[in-house]
Amino acid sequence: MRYKLFWCIPLWILFIAQQAYSQVVWRSVAGSIHFTSDAPLELIEAQSNELKGILKPSDGSFAFAVEISSFQGFNSALQREHFNENYLESHRYPKATFAGRIIEDVDFSRPGTYTIRAKGVLTVHGIEHERIIRSEVVLTQNELRLTSAFTVPLADHHISIPHIVHQKIAEEINVKVSAVFKQVP
Amino acid sequence: MRWIRWFLLLLLWSIYSGSVLSQHLFFRTYENDGADRLQEPSCLLQTSDGAIWIGDEQGLWYFDGQQFVFQAVSDSLVGRRVTALMEDRMGRLWIGYAHGAIYQRVPGSLPTPWLPEEGWPAASITGFALDKEQNLWWSTYGEGVYCSKGGYVYQFGIDDGLPAKDIYTIKSDALHRIVVAHDKGISYLGWKNGQKKDLRHFTKANGLPDDIIRTLLPGGDGGCWVGGYEGGVAYFHPDKQQASLLPASWPGGTVVGMVDFGQADLWVATTNKGLLHWRSDIQAWDTNEVTNWSNTHIQHFSADAEGNFWILCRNKGIASANRRITLQSIDIPSPQCISASDQWVWIGTTEGLFRYEPQYETIQHLVKDANIISMYNDAAGRLWLGTFGQGCLLFDPSTLSVARLGESEGLSNGNILSITSNGKDIWLATLGGVYQTSISNNDHAHSKPVFKHLSHIPSLGQSFIYCTLTDDYQRTWFGSDGKGLSVLYPNGQAEQFMHRVDSSIVKTVYSIASDHSGTIWASTDAGEVLFLQDGVFHSAPFTSSHHAGSFISLATDASGYLLMIHARGIDFWDSENKEIIHFNGAVGLDGFKPPLNGISQPLNQENWILSEKQLVRYHSLNGNFRQSSITTITGVSIFMQPIAFRQQNKFRHNENNLVISFTGFWFTDPDDISYRYILEGFDRDWIYTEDQQVVYSNLPPGTYHFQVQSASNGFFENASTDEYTFTIAKPLWQRFWFVFLIGSMALAIVWQLLKRREQRMQREASLVKEKIESQFQALKSQINPHFLFNSFNTLVSLIEDKPTDAVKYVEKLSDFYRNILQYRESDLVELQTEMQLVQDFCYLLEHRYGNNLRIIYPSTPTKGWMIVPFALQILVENAVKHNVISKTQPLSVQISVDEDDYIWVANPIQPKLTQETSTGFGIASIRKRYSLLTNTPILVDKTPAFFKVGIPLLKTHSL
């Protein structure tokens, strides 16, 4: 009986370690998202520092979310109101999310710079769209810095622009994301 | 004793069966030595412009049949392995690399990276495919499948339900469905309603030969051949969801490539078992090619547009073979004629009859002691053998019995050169005319046929008949020596044809063929090929040097196209597309010496062709295979500088040194290609060449249309053409607008000059007129009596009082008049001179007015200035003339020069009681003369107290 217990100890430790490893999660401590609409007549820029992200190195899965109403920095307060009420309808669809899995097998225990491609579902304005988004990742001992740039065509997310303001809002919005992740046990 | 007989039989069998090698494709291997060497090529593709592209360890290569050219892309891709190639409908070449990069090449330019926002895979690209909507798909080894659709790249991975992420290959089937092969079978990928990912998987449970599927080959009906890792090959149709395995045991090996030439002519390349051929006629795998290719590590196997196989393998490099020709060496003494039946190939020789069994590669000597020169296989399976001098032999393969037919059966001439039949009657062409007998009367094997000599039909010829043929219209044709070609109609009528279209006579016919359109072809003793139209012979349109000096045997292939065999090879003639293919040493024909009856009638897509040392199986390819070369302009250089000629075709006048390179892609026999080209607008006629480029230097300005054609065999009718139209601009000075501009400018200048000259002359004329007037006026004023009277009065008083002053006075007076005379001709005088004149004048006046008149001269230096003559004098005179000068009212006239280069004559206004009448000429004259010389105006400043006139001074050099 005693021997049996003795043998169980290493197995138990192994199990705990395995559990602990698979439970390691990176959580964003700072995240910003910035978009640009470069239309012929007007350049609109806005930014939100309330981007939240979580990343699970064990299987490469991740999730990002941002409150639509947290975007700041439009050309006018009225513009921000239109953004929230007319186009993104933030009262109905308060968040934009991107969740999925990283295509590459990245070893998150090894510091370095990686180009990764994240495959996931991008939900904006309540419309889901599968996307592959390429990102630069800089891994250090206890920190992960992510930067990414991609475009979002408005039509794909059923965001319709009245014809009158067509020249003021670009059909494709350029989005830049940067985030810093820290390991959370 | 029985065993001795068996032993002898075995010995005999083994001797002959050992003397043949198997029927095999003739593979040509391509050497590329030196530094530029292919290293482990793994993929190959022929694009629609004819070029072959090969991917290897180092990158991308271009191959035209003669040389391999490395395609330098960019430094970052040096040493990058190319793993996938595809051409899209716009002729763009897609290139996939082992490190995941994707490049595309537009015809006529260098490959450029294709970079979607989502980036490239980090895994090796294993294939490309296009779906119905022309979306690009690519498979990877490690990351599943990608699809570019509507501006996005999507991935089909394990999380989408794809059973495996290592994809071996991707194909688009006949219905443009995307199918991929992996370790868990095959998957059909697509989009449901254009949006949702749609995946269907099929495994061994669906009848696939293996769990691991390595290769796919789409079939014409929407199905797909699948090749497994070790389970062999099956045909899978997604609608039936069930694969059908081939009904034969798999010889073994991993399938790396498949080629289907249609009609169950499937070829499979394997890693270790070499090349396998599925023979539908015997429902078995033909492993003839195994020996050639076993353990050569075949990497790639495909076919090009001409029906050539291409093999890439690690040990042998790159090799190609034409599907139409398989051959083997034979060692049979003096073969003379050949005939094929379903099971056997019969060969007649001087030593008798041989039977060859292709399925087992055995050969047997069945009939001996007969010089067999012609042969006919009748519907009952019997062989009619025509001998040279020994009459006719009737051979029954089932019993191996031989019946000799000779004079007793009515065959009075025993030299039978050719035999034909319409299924009912049989005709023998002999050196003594035509003999006929009926097959239907000879149902019993024992009763011998009776021959009838057709001597009652004179037009058939009564002596040497070389050949005979029954066509599809039941007409029987005879070729004779001396009497040309004759025909026996089914109704017993006969006709003779000897005349050519140019009325010359065709006497001897060696061979006859009837093609699919019913046209009768004949070859003559002169090595010509003729065809019969409207009862007269015409020369074949393809007559070329290949035929000269040898007799030609004619036959038709399985599709009814003409085949000609002769000492230089085999010619195939497609009379509809007017294309000829010449087969010779390039397809393996070696020491080719076919006898006159050395080609069999077509059977199961094949003709057997006999030569002294080789037995050739000609497989006719149905379908859309190219029968002539593809001509492509491969490059244009201006002064040795390559340009993107598909985009650029307008050149400056000095860009007139062009090198145009072209290639005729004909991989069946690349060395046989020759070219002709014409530069419309420069060359008068086609120029024939073997070179692959042409240099045009110093082309005059104009629009040119370059056309080039390539042909094997030198036969250019219907040859494929590539063309390039370009313009060399006229130099600037030859263009209309430039000439017009320069002309009008010159005209304008001349007109300007003329106008200015006219103005100048006008001015000069008026100046002269003014001058004359002023001289007249000056003279008039100076010799006006008043002045003279006053002067003389002064003089008289001086003579009395101061005789010395009087002399001086006269001198001044004469000086004054001399100056007037001297300067009246001048337009301008120096200011000093004018001042001197004024001083002289004033001296005369001062004597008259005494101290009552004061002239104040300017203190500033007066050198270098010019003035109109008498201007100052006139002004001073005016001042004196119009003002009172008395002791109580002395007059002081001031002459001064200001900083604006004006000289002023000023005097206070002291009006006389009786105004002297003024002609007003003085100032007006000065003004006029000045206006002709300068734009600077004369200033008159008149106040109640003062009167001032300013005259601009002129600088000497400004004139």
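Hydrogens, waters and symmetry mates are skipped; everything else that's a heavy atom, side chains included, is used.
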Quiz item: Counting a contact as any heavy-atom pair under 4.5 Å apart, which residues of residues 145-153 of chain B contact chain A?
Solution: Tyr146(B), Tyr152(B), Val153(B)

Quiz prompt | Contact listing (chain A partner; residues 162-175 of chain B; heavy atom under 4.5 Å) | solution = Lys165(B)

Self-check item: Donor on one side chain, acceptor on other, Gln155(B) and Asp160(B), under 3.5 Å
Solution: no

Quiz prompt | Per-residue contact mode, Glu117(B) against chain A (heavy atom under 4.5 angstrom) | solution = both

Quiz item: Do Ser90(A) and Ser69(A) meet the criterion of a side-chain donor-acceptor pair at a distance under 3.5 Å?
Solution: no

Quiz item: Going by an N to O cut-off under 4.0 Å, is there a salt bridge joining Asp156(A) and Arg131(A)?
Solution: no

Quiz item: Tyr103(B) pairs by ring pair (Phe, Tyr, Trp, His ring centres under 6.0 Å) with which of Tyr97(B), Phe128(B), Trp114(B)?
Solution: Tyr97(B)

Exercise. Identify which of Pro121(B), Pro116(B), Gly142(B) forms the greatest number of heavy-atom pairs closer than 4.5 Å to chain A.
Key: Pro121(B)

Exercise. Check whether the side chains of Asn49(A) and Gln47(A) place a donor and an acceptor atom closer than 3.5 Å, and report yes or no.
Key: yes

Practice problem: Could you tell me whether the side chains of Ser178(A) and Ser32(A) share a donor-acceptor contact shorter than 3.5 Å? | Solution: yes

Exercise. Just give me the residue among Ile133(A), Thr151(A), Thr115(A) that pairs up with chain B most often, heavy atom to heavy atom, under 4.5 Å.
Key: Thr151(A)

Quiz prompt | Pairing residues for Glu128(A) by the side chain to side chain contact (heavy atoms under 4.5 Å, CB included) criterion, not counting sequence neighbours | solution = Val121(A), Thr123(A)

Quiz item: Quick one: side chain to side chain contact (heavy atoms under 4.5 Å, CB included) partners of His237(B), sequence neighbours excluded?
Solution: Arg177(B), Asp221(B), Asp239(B), Lys240(B)

Quiz item: Quick one: do the Glu130(A) and Gln195(B) side chains pair a donor with an acceptor below 3.5 Å?
Solution: no

Quiz item: Are a donor atom and an acceptor atom from the side chains of Ser124(B) and His99(B) found within less than 3.5 Å of each other?
Solution: no

Quiz item: Can a cation-pi geometry be assigned to Arg214(B) and Tyr229(B), taking NZ or CZ under 6.0 Å from the six-membered ring centre and within 45° of the ring axis?
Solution: no

